[in-house]
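To find a chain, count down the sequence lines: A is the first, B the second, and so on, and within it residues start at 1. Scope of the values below: all heavy atoms of this structure, side chains included, with no hydrogens, waters or symmetry mates.
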Amino acid sequence: MTDNELGEIWREPVPEDGERDHSWAPRTWRRRRRMLHLKLFGELAGGGGAIVVAAWFLRQNASFETALLLAIVVLVVLLSWGANVRLWWEMSRIVHEHTADYIARLLAEAELELRAQTWMSRIVWISVALVFPWALYVLWSHSDVYLIGPWRGIVGFGGISLIFTGILWQLHHKRESLEDEVRRLRAWKEDFQEVSTT
Amino acid sequence: MREHGAALSRVARAYASAGAMREDLEQEISLGVWEALPSWKQTSSLRTFLFRVAHNRCIDAMRKVRPETPATEHVEQQATCTASPASQAESRQLLGKVEVCVRGLPVAQRQAFTLSLEGLSYEEIADVLGVKANHVGVLVFRARAAVRESLEEERR
């Protein structure tokens, strides 16, 4: 089979091509744009509101703790806004890039996210290692209270165990999918590089 | 979309078989084009620009889909070239076989090959993919050999 024949087969219009309806596109795009604007406005308003509330607290009670709270709130809000600005900048940049560069950037982002996820898992495991001995100590030191009302222990320790188990389970699955993604992106990048060095 | 819609739909065809997944990809591509068009600075032709946006959108969508056969996808999917419904018309059947073979190719080969089937020159494909034109030749050669081999196996 010649290249032309293959090309003709490939470009041959299939029945649904002619009947395909793209009238949904403007509606979907308008909806997506509205959602993006709502998200942006929500984050701007929410972040600004959080800073105002923290500043109001500082005005009511000017202490080191409230100043620290205000500083943390401002930092988190600025980080969130920064992440949004970066996203918008990336969104406008990606279309100018070549596909090979795009894959390389996706891989870099996925690897960064995987590293962050790994550290997050470590931090949670350290928290588990710290909280459980403390919980056992509390159980032992207040054993009289827990013997009178065992439900307190069930609710308290059960709740903590459930929260930690949930977080670790979620982190494990997130990490698995990220590892999978990184593996795939590495294979794609190698695929491009292999040819570039041929 | 009227002018390039069919070509962009064929990009989706290289990544997903018919059904909801392909329709999702087509929607993603259309949205990508809507979003990207204002930033087109006419440094490349509109056609290559649209293909780049479409392929990048498909790669983004593929990242989110967990592969069922990650390591052996290439080999296994090529082997399924023979599994085409016998009731369909011959040309449609052949297109179906080519589609399956194309989807079984590694990503870089798949992109270069489908772009060459669309009639783009090696220089234009190189512009879309970000590799050198002679490397596009290598990619297309390998892809074509793999597709032909699969189709020949099917005929025997």
Side-chain angles (χ1 to χ4, degrees), chain A residues 1-18 20 22-26 28-33 36 91-107 109-110 176-177 180-185 187-198, chain B residues 1-2 5-7 9-10 13 18 26-27 30-32 34-36 39-41 43 49 52-53 55-56 59-60 62-64 66-67 70 91-92 94-95 98-99 102 106-109 111-112 114 116-119 126-132 134-136 138-139 142 144 147-148 151-152:
Chain A
M1 191 180 290
T2 64
D3 285 359
N4 282 346
E5 283 171 335
L6 261 176
E8 274 168 26
I9 292 167
W10 182 255
R11 290 192 299 271
E12 190 180 329
V14 288
E16 61 262 32
D17 275 350
R20 197 158 284 142
H22 286 287
S23 60
W24 52 267
T28 311
W29 168 233
R30 274 200 296 273
R31 195 164 56 240
R32 179 177 280 205
R33 199 171 43 183
L36 278 173
M91 285 286 286
S92 58
R93 198 168 64 98
I94 52 169
V95 290
H96 301 299
E97 289 180 343
H98 300 297
T99 304
D101 303 330
Y102 186 67
I103 289 172
R105 189 178 68 77
L106 291 179
L107 175 61
E109 278 182 4
E176 261 191 350
S177 63
D180 189 40
E181 199 176 298
V182 166
R183 213 176 300 129
R184 212 165 347 147
L185 285 165
W188 292 352
K189 197 184 168 193
E190 276 169 20
D191 194 18
F192 277 89
Q193 278 176 344
E194 183 209 349
V195 174
S196 300
T197 51
T198 307
Chain B
M1 287 305 287
R2 256 186 228 115
S9 294
R10 288 195 289 271
R13 189 194 281 176
E26 283 175 9
Q27 290 199 10
S30 304
L31 281 168
W34 272 76
E35 285 172 347
S39 59
W40 177 51
K41 287 179 180 163
T43 48
F49 176 79
R52 193 187 305 159
V53 173
H55 277 287
N56 286 355
I59 282 170
D60 236 1
M62 278 172 72
R63 274 174 73 205
K64 290 164 194 161
R66 206 185 171 89
S91 62
R92 185 80 190 93
L94 193 57
L95 173 62
V98 174
E99 273 182 26
V102 166
V107 170
Q109 287 182 27
Q111 291 180 331
T114 50
S116 80
L117 290 180
E118 291 295 339
D127 185 36
V128 173
L129 299 185
V131 294
K132 289 176 186 164
N134 55 336
H135 298 145
V136 171
V138 176
L139 283 172
R142 286 181 186 173
R144 194 189 296 137
V147 170
R148 276 200 184 133
L151 290 173
E152 287 300 319

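- Looking at residues two or more places apart in sequence or on another chain, you find a side chain to side chain contact (heavy atoms under 4.5 Å, CB included) between B:A7 and B:R10, B:F51, B:E118.
- For the residue pair A:T99 and B:I59, the shortest heavy atom distance occurs at CG2-CD1, 3.5 Å.
- Taking 4.5 Å as the limit, some side-chain heavy atom of A:L106 sits within range of a side-chain heavy atom of B:R63.
- Side chain of A:H98 to backbone of B:D127: a donor-acceptor contact under 3.5 angstrom is found.
- Taken to the nearest 0.5 Å, the CZ atom of A:F192 stands 7.5 Å off from the CG atom of B:L139.
- Between B:G130 and A:A100, the shortest heavy-atom contact is O-CB, 4.2 Å.
- Residues B:Q111 and A:W188 form no side-chain contact, since every pair of their non-hydrogen atoms from C-beta on lies 4.5 Å or further apart.
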